[in-house]
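In what follows, a single structure is set out as C-alpha cells and then discussed.
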Amino acid sequence: MQHLLTGTEFDQAQLLALIALGKAIKAHPKKYSQALAGKSIVTLFEKPSLRTRVTFDIGIAKLGGHSVYLDQQNGALGKRESVKDFAANLSRWCDAIVARVFDHQTLVGLAEHGSVPVVNSLCNLYHPCQAFADFMTISENYSDLGKVKLAYLGDGNNVSHSLLLTGAILGTDVTLVCPKGHGPDVQIFQQAQALADRSGATLAVSDDIAAIEGFDVAYTDTWVSMGDTTPMEQVTDLFMPYQINQALLDRTGIRHVLHCQPAHRELEITSQVMDGPASLIMDEAENRLHIQNAILLTLLGGQH
Ligand code: CP
Ligand code: NVA
C-alpha cells in the first residue's frame with residue numbers, strides 16, 4: 001500500500017506517469033467516470049480550504065466514487081480521540097483518507113495506524129498535491145521539465161518545500177528567493193539536494209532577486225501561512241521586495257507565473273500580473289482536480 005505523505009514516495013518515472021495520467025483524465029474525463037465506483041474516501045480538514053476541499057469532492061464524484069467531508073468542527077485530530085483510534089475506525093469504512101493537518105506527525109500517525117492509503121492535502125511541512133498540480137501545469141507549457149528554471153519568491157514554507165522536492169525529482173532547476181530568516185527548512189533542502197544530485201537539477205536558496213534572471217517561471221505564496229499567528233502588517237515591509245509584479249517580469253524575462261492561492265493581491269502578487277497574460281494561476285487551480293484524481297487512481301489501483 002502506498003501513501004502520499006511527503007511527495008517523495010514517487011520516483012521520476014512514477015511522477016511523470018502521474019502527470020501523464022492527470023493530462024489523460026483532463027482530456028478524456030468520460031473514460032474515467034467509473035474508475036472509483038464503489039470507493040468511499042474521507043477528506044478531513046483541520047484548516048480552512050477552498051480549492052482542496054472542492055477539487056477532491058468534485059473530483060471523486062467525477063470518478064464515480066463517494067467522498068465524506070469532515071470539517072474543522074472536530075478540531076485538531078487527537079483531541080476527542082487518539083489519532084490511532086481515528087485511523088483504525090476510518091479504515092473500517094473508507095478506502096482512502098485525504099487529510100489537511102497542522103502537524104505532519106498526524107499524517108504519519110494516520111498512515112501508521114490505519115490500513116488505507118493516506119494523502120497529505122497540506123501540512124506544516126509539505127503540500128504535495130499542490131506541487132504535483134504545479135508541475136503538471138508547467139509541463140502543459142514546456143515540453144521538457146528538465147530544461148525549466150523555476151523561481152519561488154517569498155516565504156520558505158510548505159509549498160516551497162514541495163516545489164523543491166518535486167522539482168528535484170523531476171530534474172527542474174528550482175531557486176528559492178526568500179528574505180533572510182525566512183528560508184526553507186534546512187533538512188528538507190538537504191533532502192531535495194540529494195534527490196537533485198540524482199536528477200541533475202540545480203537547487204539554490206538566495207535572498208537576492210538577481211539570482212532569478214533568465215528564469216522561466218515565477219511562483220509565490222502567502223507571506224504568512226495558516227497556523228502562523230504573525231500579523232501580515234508585521235512582515236509586509238520585509239517581504240515587499242519579493243513581490244511578483246510587472247517590473248520583476250520585465251527585469252528577469254520570466255514568462256509565466258504561478259500561485260497556489262489563496263492570493264493576497266497587491267502583497268505577494270499584483271493584480272496586474274495575476275490577471276495578466278503571464279498568469280497560469282487558474283489553469284493551476286483547475287489542475288488540482290485532475291492531478292488529484294490521478295493520485296487517487298494510482299494509490300487505489302483503479303482501472304486506467
Ligand atoms: N492551494 C490550496 O490548497 O488552496 P486551499 O487552501 O483553498 O485548499
Ligand atoms: N502556505 C500556505 C498554502 C495555502 C494553500 C499555507 O499553508 O497557508
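Counting convention: from 1, in listed order, for ligands and their atoms alike.
Asn158 and Asn124 share no side-chain donor-acceptor pair at under 3.5 Å. Counted by atom type alone, Arg100 and Ser121 present zero donor-acceptor pairs between their side chains at under 3.5 Å. At a cut-off of 3.5 Å, with distance as the only test, a side-chain donor of Asp134 or Tyr219 sits close to an acceptor on the other residue. A donor atom on one side chain and an acceptor atom on the other are found under 3.5 Å apart for Gln243 and Asn245.
The ligand atoms of ligand 2 that sit less than 4.0 angstrom from a heavy atom of Asn157 are 1 (N).
Ranking protein heavy atoms by distance to atom 7 (O) of ligand 2, first place goes to Asn158 ND2, 2.8 Å. For atom 8 (O) of ligand 2, the closest non-hydrogen atom of the protein is Met226 N, 2.8 Å. Of all protein heavy atoms, the one closest to atom 5 (C) of ligand 2 is Gln261 O, 3.6 Å.
Here's the thing with His127: none of its N/O atoms is less than 3.5 angstrom from an N/O atom of ligand 2. On a distance-only criterion, Ser225 and ligand 2 share at least one N/O pair closer than 3.5 Å. Some N or O of Asp221 is nearer than 3.5 Å to an N or O of ligand 2, by distance alone.
Around ligand 1 you find Ser49, Leu50, Arg51, Thr52, Arg100, His127, Gln130, Cys260, Gln261, Arg288, each with a heavy-atom distance below 4.0 Å.
Its side chain within the 4.5 Å cluster rule, Met282 clusters with Leu153, Val177, Ile209, Ile212, Phe215, Tyr242, Ile244, Leu248, Leu249, Ile254, Val257, Ile269, Val273, Met274, Ile281 among the Ile, Leu, Val, Met, Phe, Trp and Tyr residues.
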### Query
Where do Val217 and Val148 land on the side chain to side chain contact (heavy atoms under 4.5 Å, CB included) test, with the steps shown first?
CA-CA 8 Å; Val217 182; Val148 175; 4.3 Å; yes
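Of the candidates Gln130, Met226, Glu46, Met226 is the only one forming a side chain to side chain contact (heavy atoms under 4.5 Å, CB included) with Leu122.
Looking at Lys47 against ligand 2, nothing comes within 4.0 Å, counting heavy atoms. In Leu122, the part holding a heavy atom less than 4.0 Å from any atom of ligand 2 is the side chain.
Legend: residues meeting salt bridge (charged side-chain N to carboxylate O under 4.0 Å, His left out) with Lys147, ordered by chain and number and at least two apart, are Asp144. The ring-ring contact (aromatic ring centres under 6.0 Å, His included) search around His104 returns Tyr126, not counting sequence neighbours.
Using a cut-off of 4.0 Å between Lys/Arg side-chain N and Asp/Glu carboxylate O, Asp275 and Arg265 are scored as salt-bridged.
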